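Remember, predicted model here, so these are calculated numbers, not experimental data.
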Amino acid sequence: MRGGIYPTMITPYKNGSIDYEGVARLVDWYAENGCDGIFAVCQSSEMWYLSLSERVELAKAVVKASGGRLDIVASGHISDSIDAQIEEINAVGSTGVEAVVLVSNRFDPHNDGDDVWLENAERVLSKVDPEINLGIYECPIPYKRLLTPKIIDWCVKSGRFRFIKDTCCDPDLLKERAEQLCGTGFKLFNANGQTFLHSLKCGADGYSGIMANFHPELYSWIYRNFKNAPERAEALSDAVSMMAFTESPAYPCTAKYYQNKYAVPMSMESRSGDPKRLTSYQKHIVDQMYNMQMKLRSEYNI
């Protein structure tokens with residue numbers, strides 16, 4: 001699994017069902033705009049609102065549409081019970097994805113501590129196909145369960161995990177985690193645009209966040225050029241950091257509005273967000289972001 005830019009993929013719908021033609025077009029758009037992989041069947045994909053069969057079929061569709069151009073990882077790890085978690089991890093793992101991404105709060109639903117987390121994680125992994133590579137994601141729903149150094153060490157030593165999708169949004173903690181993972185082969189992907197460049201300087205391996213549904217090529221430029229063009233990377237980072245504040249309560253409808261107007265045709269349908277909350281003001285902000293994106297693309301010859 002390579003480092004780089006892994007958008008948290010949104011799910012297009014048509015008349016209440018997954019729009020698989022839209023899925024394929026969106027995969028093409030990611031591939032054409034500087035992405036290295038895709039994080040499918042994630043929170044942005046509205047995984048909490050998809051049945052297990054939909055999660056499995058969606059992961060298969062993304063793998064098929066990619067055709068080997070991108071590394072595909074997928075989650076769909078949403079259940080409360082241990083048995084159901086085992087079922088869904090094995091099911092998603094059979095779809096051809098590079099790794100199944102586990103949600104950190106699922107192993108400690110009441111935030112009881114590391115011992116509970118580790119006990120439940122070991123129970124699950126003992127029943128998961130050992131050939132399935134794993135990632136771990138600090139998903140903020142239903143609550144954000146940040147990984148402690150003890151748990152990260154356990155993940156590394158297990159030999160099962162390949163990366164963490166970090167959502168701590170803390171520059172100091174990102175630095176500590178990068179130092180902890182240095183030389184282990186365990187990758188660190190930052191979900192936060194505002195600390196993205198900082199994390200790269202600390203040794204992180206890439207970006208996996210919602211703003212790659214809008215302008216992944218800008219993140220890709222930073223990722224590929226921050227060492228050889230540090231001042232220009234800093235300036236571009238400042239711009240994308242401000243643009244990242246366009247996230248709103250209407251997401252993922254904001255991303256679908258952007259895609260439909262500027263990239264991949266799709267409806268505003270969503271199971272997790274109400275399109276009615278996508279106000280004219282929010283559309284105006286997304287349009288402004290697009291205008292800035294085009295100016296930056298021109299300035300950076302992207």
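- Annotation: salt bridge (Lys or Arg N to Asp or Glu O under 4.0 Å) contacts involving residues 66-78, sequence neighbours excluded, comprise Arg2-Asp71, Asp28-Arg69.
- Checking side-chain atoms of Asp108 against main-chain N and O of Asp112 turns up a donor-acceptor pair under 3.5 Å.
- Within the 4.5 Å cutoff, side-chain heavy atoms of Phe196 are placed close to those of Ile5.
- Side-chain atoms of Ile10 and Gln259, non-hydrogen and from C-beta on, do get closer than 4.5 Å to each other.
- Using a 30° and 60° split on the angle between ring planes, Tyr251 and Phe214 fall in the tilted class, from 30° to 60°.
- Of the possible polar contacts, one joining the Glu54 side chain to the Ser51 backbone as a donor-acceptor pair under 3.5 Å is found.
- The backbone N or O of Tyr49 sits less than 3.5 Å from a side-chain atom of Arg271, completing a donor-acceptor pair.
- Using modelled atom types, one side-chain atom of Glu138 and one backbone atom of Thr167 make a donor-acceptor pair closer than 3.5 Å.
- For Gln194 and Ser241, the side-chain atoms include no donor-acceptor pair closer than 3.5 Å.
- Its side chain within the 4.5 Å cluster rule, Phe245 clusters with Met242 among the Ile, Leu, Val, Met, Phe, Trp and Tyr residues.
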Practice task
List the steps and the verdict of side-chain contact (heavy atoms from CB on, under 4.5 Å) for Met243 and Gln293.
Solution key: CA-CA 9 Å; Met243 292 160 73; Gln293 174 189 359; 4.2 Å; yes
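- Arg297 pairs by the salt bridge (charged side-chain N to carboxylate O under 4.0 Å, His left out) definition with Glu217, not counting sequence neighbours.
- Defined by atom type and a distance below 3.5 Å, a donor-acceptor pair is present between the side-chain atoms of Asp153 and Gln180.
- Using a 4.5 Å cut-off between side-chain heavy atoms of Ile, Leu, Val, Met, Phe, Trp and Tyr, with links allowed through other members, Tyr262 and Leu26 fall into the same hydrophobic cluster.
- A side-chain donor-acceptor contact under 3.5 Å links Asn225 to the backbone of Trp221.
- No continuous path of hydrophobic side-chain contacts links Leu188 to Leu173 [ILVMFWY only; heavy atoms under 4.5 Å].
- The side-chain heavy atoms of Tyr290 and Lys295, taken from C-beta on, include no pair separated by under 4.5 Å.
- Separation of atoms CG (Asn105) and CG (Asp80) is listed at 9.5 Å; rounding is to 0.5 Å.
- There is no side-chain donor-acceptor pair under 3.5 Å between His77 and Glu88.
- A ring pair (Phe, Tyr, Trp, His ring centres under 6.0 Å) with Tyr6 holds for exactly one of Phe39, Phe189, Tyr30; it is Phe189.
- The environment of Glu269 atom CD is dense: over 12 non-hydrogen atoms of other residues, nucleotides or ligands sit within 6.0 angstrom.
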Practice task
Mind running side-chain contact (heavy atoms from CB on, under 4.5 Å) on Lys256 and Asn260 for me, showing each step along the way?
Solution key: CA-CA 6 Å; Lys256 294 182 178 186; Asn260 186 59; over 6 Å; no
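- More than 12 heavy-atom neighbours from other residues, nucleotides or ligands sit within 6.0 angstrom of CE on Met1.
- Residues Thr195 and Asn190 have side chains that bring a donor and an acceptor to within less than 3.5 angstrom of each other.
- Looking only at side-chain heavy atoms (C-beta outward), Asp36 and Arg224 come within less than 4.5 Å of each other.
- Linking Ile, Leu, Val, Met, Phe, Trp and Tyr residues whenever their side-chain heavy atoms come within less than 4.5 Å leaves Tyr143 and Leu146 in two separate clusters.
- A centroid separation of 6.0 Å or more is found between the aromatic rings of Phe163 and Phe186.
- Using a 4.5 Å cut-off on side-chain heavy atoms (C-beta onward), Val103 and Ile78 make no contact.
- Ring-plane geometry between His215 and Tyr219 is classed as parallel, the angle between the planes falling under 30 degrees on a 0 to 90 degree scale with a further cut at 60.
- Using a 4.5 Å heavy-atom threshold, the side chains of Thr8 and Ser208 count as touching.
- A 4.5 Å side-chain heavy-atom check between Leu102 and Val100 finds at least one atom pair inside the cut-off.
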Exercise for the section: Just do the side-chain contact (heavy atoms from CB on, under 4.5 Å) check on Leu181 and Val156 with the steps written out, would you? Expected result: CA-CA 8 Å; Leu181 295 173; Val156 172; 3.7 Å; yes
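- The backbone N or O of Gly159 sits less than 3.5 Å from a side-chain atom of Arg162, completing a donor-acceptor pair.
- Applying the salt bridge (Lys or Arg N to Asp or Glu O under 4.0 Å) rule to pairs touching residues 190-208 yields Lys201-Glu234, sequence neighbours excluded.
- When the options Lys144, Lys175, Arg177 are evaluated for a salt bridge (Lys or Arg N to Asp or Glu O under 4.0 Å) with Asp166, the one that passes is Arg177.
- Each side chain to side chain donor-acceptor pair (under 3.5 Å) pair with one or both residues in residues 120-130, not counting sequence neighbours, appears once here: Glu122-Trp154.
- Side-chain contact check for Arg106 versus Ser79: every heavy-atom pair is 4.5 Å or farther apart.
- Between the side chain of Ser45 and the backbone N or O of Met9 there is at least one donor-acceptor pair closer than 3.5 Å.
- Judged purely by atom type and a 3.5 angstrom limit, Glu46 has no side-chain atom pairing as donor or acceptor with the backbone of Ser270.
- The closest donor-acceptor contact from the side chain of Arg55 to the backbone of Leu50 lies under 3.5 Å.
- Counted by atom type alone, Tyr207 and Asn192 present zero donor-acceptor pairs between their side chains at under 3.5 Å.
- Listed by first and then second residue, the side chain to side chain donor-acceptor pair (under 3.5 Å) pairs that reach into residues 95-104 come to none, sequence neighbours excluded.
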Practice task
Give the C-alpha distance, both sets of side-chain angles, the deciding distance and a yes or no for side-chain contact (heavy atoms from CB on, under 4.5 Å) between Asp115 and Lys150.
Solution key: CA-CA 10 Å; Asp115 290 342; Lys150 178 180 178 179; 3.2 Å; yes
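- Atom-to-atom distance recorded for Thr11:OG1 and Leu58:CG is 5.0 Å, nearest 0.5 angstrom.
- Judged by distance alone, with hydrogens and angles left aside, the side-chain atoms of Ser66 form no donor-acceptor pair with the main-chain N or O of Val63 at under 3.5 Å.
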